[in-house]
Amino acid sequence: MARESEFIAYMRAFEASTTHLGACPACQNDQPCATGAPIHSEFIARQDAWNKRVRAERKQP
Ligand SMILES: [Zn+2]
């Protein structure tokens, strides 16, 4: 995936996750609901992928 699209996907996943969290008491209580669970895990996956990319880039001279 291109760097830019990966960042955009990460930001979208972040937004979706925080929007859902703001409206869902179960997810706020660390008990992700059926709707929220995939949204939050998508965000975590995107965040991981992005952090890995940034870390890999820093290692380059
Ligand atoms: Zn939820």
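Just follow the structure's listing: the first ligand is 1, and inside any ligand the first atom is 1.
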Side chains of residues 1-10: which donor-acceptor partners sit under 3.5 Å, not counting sequence neighbours?
from, atom 1, to, atom 2, distance (Å)
R3, NE, E57, OE1, 3.4
R3, NE, E57, OE2, 2.9
R3, NH2, E57, OE1, 2.6
E6, OE1, R53, NE, 2.6

N/O donor to acceptor pairs below 3.5 angstrom from side-chain atoms of residues 15-24, sequence neighbours left out:
from, atom 1, to, atom 2, distance (Å)
S17, OG, H40, ND1, 2.9
T18, OG1, F14, O, 2.9
T18, OG1, E15, O, 3.2
T19, OG1, E15, O, 2.7

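Distances from the Zn ion (ligand 1) under 2.8 Å pick out these protein N/O/S atoms: H20 NE2, C24 SG, C27 SG, C33 SG.
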Please test W50 against V54 for side-chain contact (heavy atoms from CB on, under 4.5 Å), starting from the C-alpha separation and ending with a verdict.
-> CA-CA 6 Å; W50 180 253; V54 170; 3.5 Å; yes

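Every pair passing salt bridge (Lys or Arg N to Asp or Glu O under 4.0 Å) that includes a residue from residues 23-50 is listed here, sequence neighbours excluded: E42-R46.
Across every non-hydrogen atom of C27 and C33, the tightest pair is SG-N, 3.5 Å.
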